[in-house]
Amino acid sequence: MDKTIATLAEAVADIEDNAVLMIGGFGGSGAPIELIHALIDRFKATGSPGNLTVVNNNAGNGQIGIAAMIDAGMVRKMVCSFPRSSDPRAFTEKYLAGEIELDLVPQGTLAERIRAAGAGIPAFFTPTSYGTELAEGKQIQEFDGRPYVLERWLKADFAIVKGELGDTHGNLTYRLAGRNFNPLMCMAAAKVVAQVSTLTEPGGIDPEQVITPGLFVDGVIEVPNPQQEEALIRAGEVYA
Amino acid sequence: MDKTIATLAEAVADIEDNAVLMIGGFGGSGAPIELIHALIDRFKATGSPGNLTVVNNNAGNGQIGIAAMIDAGMVRKMVCSFPRSSDPRAFTEKYLAGEIELDLVPQGTLAERIRAAGAGIPAFFTPTSYGTELAEGKQIQEFDGRPYVLERWLKADFAIVKGELGDTHGNLTYRLAGRNFNPLMCMAAAKVVAQVSTLTEPGGIDPEQVITPGLFVDGVIEVPNPQQEEALIRAGEVYA
Amino acid sequence: MSSKLSNAQIAWRAAQDIEDGAYVNLGIGFPEMIAKFQPAGRHITYHTENGVLGFGKAPPQGEEDWDLINAGKKAITLKPGASFFHHADSFAMVRGGHLDLAVLGAYQVAQNGDLANWRVGSKGVPAVGGAMDLVHGAKRVAVITDHTTKDGKPKLVERCTFPLTGVGCITRVYTSLAVVDIEDGRFVLREKLAGLSMDELQSLTGAPLHTQGQVADLIVPEIEQ
Amino acid sequence: MSSKLSNAQIAWRAAQDIEDGAYVNLGIGFPEMIAKFQPAGRHITYHTENGVLGFGKAPPQGEEDWDLINAGKKAITLKPGASFFHHADSFAMVRGGHLDLAVLGAYQVAQNGDLANWRVGSKGVPAVGGAMDLVHGAKRVAVITDHTTKDGKPKLVERCTFPLTGVGCITRVYTSLAVVDIEDGRFVLREKLAGLSMDELQSLTGAPLHTQGQVADLIVPEIEQ
């Protein structure tokens with residue numbers, strides 16, 4: 001029952017070619033930068049995993065993290081709400097060259113689709129995007145006289161997330177606004193690996209303060225003093 | 001912005017005849033017994049609010065709480081998953097006499113319908129109850145070759161809930177398994193009043209440990225050392 | 001029928017199949033007994049619908065905290081690594097396929113996997129609780145039950161006649177006489193009591209029992225009640 | 001046109017309508033400026049899509065914690081009574097009608113309340129963020145915008161020609177020249193700059209401006225940029 005993973009390389013070893021990969025974080029807040037970079041290392045060493053579909057709110061910034069994955073050529077498609085935050089050069093270049101696909105999803109719909117996948121809800125109705133081009137081709141139904149759009153769950157093969165405190169059973173807390181998509185992605189992926197700043201024994205987290213219960217998490221690796229993606233970008237770091 | 005309510009009588013003063021009233025708790029765990037009894041006091045003194053539709057997992061036990069509401073004749077209909085826990089005499093008598101209605105909802109569907117109401121999701125598909133009499137007349141749709149039942153959100157006019165720690169902005173935590181339906185009902189009701197064991201100033205709860213953010217809560221009243229419903233029932237208490 | 005397993009022995013047998021590391025929901029009543037027989041050396045995490053993961057035994061009498069209960073409203077204790085969550089998250093775990101196993105009781109189980117366990121007729125007060133949710137989502141959904149009703153009628157049947165809890169949801173049944181899998185719309189006998197002939201067992205079963213290879217003896221220890 | 005309000009003045013005007021105790025989401029960019037002009041004595045709680053309620057000003061430069069940001073990825077601080085939650089809960093607040101007000105920018109607003117604010121054509125990389133969610137659910141959804149585009153074309157129009165963000169969702173527009181409500185598929189003028197005639201304003205507006213009773217002067221203070 002000990003879910004501890006010893007090395008970053010092991011933590012990302014099971015992500016396969018063509019996988020749908022959820023990556024937690026919103027911009028640089030709560031982004032599992034060490035896990036992402038370990039995955040890039042693996043790709044550079046072995047050519048795998050390639051052809052990934054990556055789910056994240058954004059599409060990478062600067063020259064680290066998801067942007068570095070895109071630059072490395074690992075990503076076939078991004079599923080996101082906002083691929084245009086500060087310095088999205090990596091995605092923009094490939095997108096305009098037709099070398100990467102984009103599945104653009106409104107942010108609240110993205111969150112709810114991920115939660116639905118985790119909650120066994122195959123589809124739900126939302127007012128969001130009704131009457132817009134993002135609802136084209138989707139089933140519309142009225143409730144109480146108002147039209148809604150049917151949206152499907154969004155599942156992943158694998159998720160990598162960033163927690164703050166974790167225990168060896170996989171229970172997680174998050175730091176400040178670093179929570180964002182992380183708890184949802186833990187629910188929606190077939191396999192979930194979390195990096196945490198501090199790893200404790202079971203009992204080290206107050207049961208009332210657990211945000212992600214361990215049953216959603218398959219592996220946990222301690223990364224003390226993790227790097228903060230936004231801080232790296234502002235420092236002009238390049239991961240290549 | 002101070003949501004403090006001074007007296008139990010004030011806390012339940014705005015619940016109207018014919019209202020849909022959500023009452024937090026699962027059995028006696030997390031049940032806002034003082035608010036319920038204040039509501040019974042008001043009904044006995046004024047004849048109002050009557051004809052209530054009460055949403056709770058159960059239908060009252062013993063001779064206190066929701067059971068005492070039913071005995072008092074305030075409840076027209078129960079929406080619940082399990083009206084048959086220990087000593088459900090009050091509900092059973094009126095149900096078999098045709099004096100109270102029952103809307104029986106599977107427990108997970110009940111929870112999800114309440115959350116959906118709070119989340120602006122008018123309807124969702126679930127596998128639960130497919131092929132059973134509880135799905136009769138409901139819309140069925142297949143996703144990925146599997147049939148699902150369409151369920152609607154469940155809203156309320158008012159919710160009364162029990163928290164552990166609260167602040168004057170309405171932020172709440174819960175005690176142990178007393179959490180259950182309480183946070184969901186806070187999301188789904190037009191007006192929400194919470195009783196809490198301890199009321200603090202804003203800042204008295206760590207922002208990472210807030211379970212129900214204050215925007216879901218309209219009023220909060222401190223009830224120090226609250227009674228525990230299950231303990232009262234086991235002691236044979238009667239509220240009449 | 002010479003003998004049959006006690007409830008405790010059925011629960012013991014079901015407990016042997018729960019793998020180390022599993023997340024399990026045991027239905028209210030008889031299925032709860034399974035936790036008593038958890039094999040040594042296995043770490044199993046129990047989920048209860050009202051929002052607790054990782055609970056342990058009942059506390060000593062007089063030390064109950066009635067805010068710390070399971071779905072059967074019984075007082076529980078916590079194990080290290082436990083967590084609390086609200087009801088929607090709790091049923092997300094159930095419906096979302098995050099439990100390895102759910103075990104329920106049954107009035108009837110049909111050879112197509114249908115389960116009837118929530119009401120036997122239209123009289124009285126109906127109550128469903130979380131049963132209709134639990135039969136969906138868990139990776140394996142099993143039943144433990146006496147092989148027949150008190151008056152000797154089969155509980156394993158061709159088609160359920162009582163109101164259904166779920167359709168095609170059960171994959172294994174542990175009874176007082178046998179262990180039966182449900183595969184491709186058929187009952188497949190895996191184990192039976194050694195002293196019981198195939199004919200005897202079939203006569204107590206409401207639908208054909210198929211076999212695939214060896215039928216093992218259903219062997220359980222004596223358990224004091 | 002003799003003069004128009006600066007962005008700060010438009011934001012100031014919008015801020016005056018936010019009632020004490022309100023929960024408000026201010027869109028990324030121009031709408032964020034509204035928080036600067038919150039009238040004294042009112043307690044307003046700001047929500048940001050990435051899971052924070054009750055945030056305050058940006059921290060001093062050099063004291064940023066980049067795990068504590070708003071939806072625009074700007075560093076923020078917390079006020080007493082703040083809370084964190086995940087993205088699904090955050091958009092439950094939005095979609096579920098729990099915000100009193102959402103304010104967004106606009107490329108175009110139509111007289112039927114349609115909003116276009118997320119893309120102007122099919123070129124470049126499209127990005128939508130939370131805008132399509134924010135236009136649904138908040139009790140009031142308002143727009144702040146220059147009255148016309150940089151080249152003088154109306155932004156208040158009969159029908160949006162740019163791709164829609166939402167249908168029939170906007171109820172009030174604060175512009176550099178006027179305050180306009182949207183009621184029953186019509187623009188209803190509430191306030192206009194004192195030096196501006198009805199004819200001038202109408203000529204800068206792409207759909208008929210209706211009046212109901214008095215049109216007040218749009219009066220704002222001088223604000224240093």
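Computed from heavy atoms alone, side chains included, the values below leave out hydrogens, waters and symmetry copies. Sequence lines set the chain letters: A, B, ... in the order given, protein chains first and strands last, and positions in each chain run from 1.
- For a residue to count as touching a neighbouring chain, one of its non-hydrogen atoms must lie under 4.5 Å from one of that chain's; by this rule D:Asp65 touches chain A with the side chain only.
- How far CD1 of D:Ile76 is from CG of A:Leu176: 9.0 Å, rounded to the nearest 0.5 Å.
- Between atom OG1 of residue A:Thr109 and atom CZ of residue D:Arg95 there is a gap of 6.0 Å, rounded to the nearest 0.5 Å.
- For D:Tyr23, the OH atom is densely surrounded, since the number of other residues' heavy atoms within 6.0 Å is greater than 12.
- Both the backbone and the side chain of A:Arg175 come within less than 4.5 Å of a heavy atom of chain D.
- Note that OG1 of A:Thr212 is 8.0 Å distant from NE2 of D:His86, once rounded to the nearest 0.5 Å.
- Within a 6.0 Å radius of CD in A:Glu142, other residues, nucleotides and ligands contribute more than 12 heavy atoms.
- Between A:Asn58 and D:Lys73, the side chains place a donor N or O and an acceptor N or O closer than 3.5 Å (distance only, hydrogens not considered).
- Only the side chain of A:Phe91 comes within less than 4.5 Å of a heavy atom in chain D; its backbone stays farther off.
- Classification of D:Arg119 and A:Glu133 as a salt-bridged pair holds, one side-chain N sitting under 4.0 Å from a carboxylate O.
- A heavy-atom distance below 4.5 Å is not found between the side chains of D:Trp66 and A:Ile233.
- Between chain D and the residues A:Ile211, A:Asn182, A:Leu134, the largest count of heavy-atom pairs under 4.5 Å involves A:Leu134.
- Between A:Phe82 and D:Ile28, the closest side-chain pair of non-hydrogen atoms is not below 4.5 Å.
- D:Thr165 touches chain A through its backbone: at least one of N, CA, C or O sits under 4.5 Å from a heavy atom, while the side chain does not.
- Summarising the local packing, NZ of D:Lys139 is surrounded by more than 12 heavy atoms from other residues, nucleotides or ligands at distances under 6.0 Å.
- Using a 4.5 Å cut-off between heavy atoms, A:Ser129 contacts chain D through both its backbone and its side chain.
- Atom NZ of D:Lys36 is surrounded by 12 or fewer heavy atoms from other residues, nucleotides or ligands within 6.0 Å.
- Residue A:Arg113: no heavy atom, backbone or side chain, is found under 4.5 Å from chain D.
- For the atom pair CD (D:Glu49) and OG (A:Ser81), the distance works out to 9.0 Å, reported to the nearest 0.5 Å.
- To the nearest 0.5 Å, the span separating CG on D:Leu115 from OG1 on A:Thr132 amounts to 11.5 Å.
- Chain A forms the most heavy-atom pairs under 4.5 Å with one residue out of D:His87, D:Met132, D:His136, and that residue is D:His87.
- Most heavy-atom pairs under 4.5 Å with chain A: of the set D:Gly130, D:Gly51, D:Cys169, D:Ala116, this distinction falls to D:Gly130.
- Separation of atoms CG (D:Asp67) and CD (A:Glu230) is listed at 10.0 Å; rounding is to 0.5 Å.
- The contact between D:Val52 and chain A is made entirely by side chain atoms (from C-beta outward), counting heavy-atom distances below 4.5 Å.
- In terms of heavy-atom pairs under 4.5 angstrom with chain D, the leader among A:Pro106, A:Gly28, A:Ala59 is A:Pro106.
- A:Tyr95 is listed as a side-chain neighbour of D:Pro126, based on a closest heavy-atom distance under 4.5 Å.
- With chain D as the partner, the residue from A:Pro127, A:Pro147, A:Gly27 showing the most heavy-atom pairs under 4.5 Å is A:Pro127.
- Ranking D:Asn50, D:Leu68, D:Leu164 against chain A, the residue ahead of the rest is D:Asn50, based on heavy-atom pairs under 4.5 Å.
- Other residues, nucleotides and ligands contribute over 12 non-hydrogen atoms within 6.0 Å of the CZ atom of D:Arg42.
- Only the side chain of A:Pro183 has a heavy atom closer than 4.5 Å to any heavy atom of chain D.
- With a 6.0 Å radius and a threshold of 12 heavy atoms from other residues, nucleotides or ligands, A:Asn225 has its CG atom at or below the threshold.
- Side-chain contact between D:Phe91 and A:Leu110 is absent, with no heavy atoms from C-beta onward closer than 4.5 Å.
- The closest side-chain donor-acceptor pair between A:Gln107 and D:Asp133, if any, does not fall under 3.5 angstrom.
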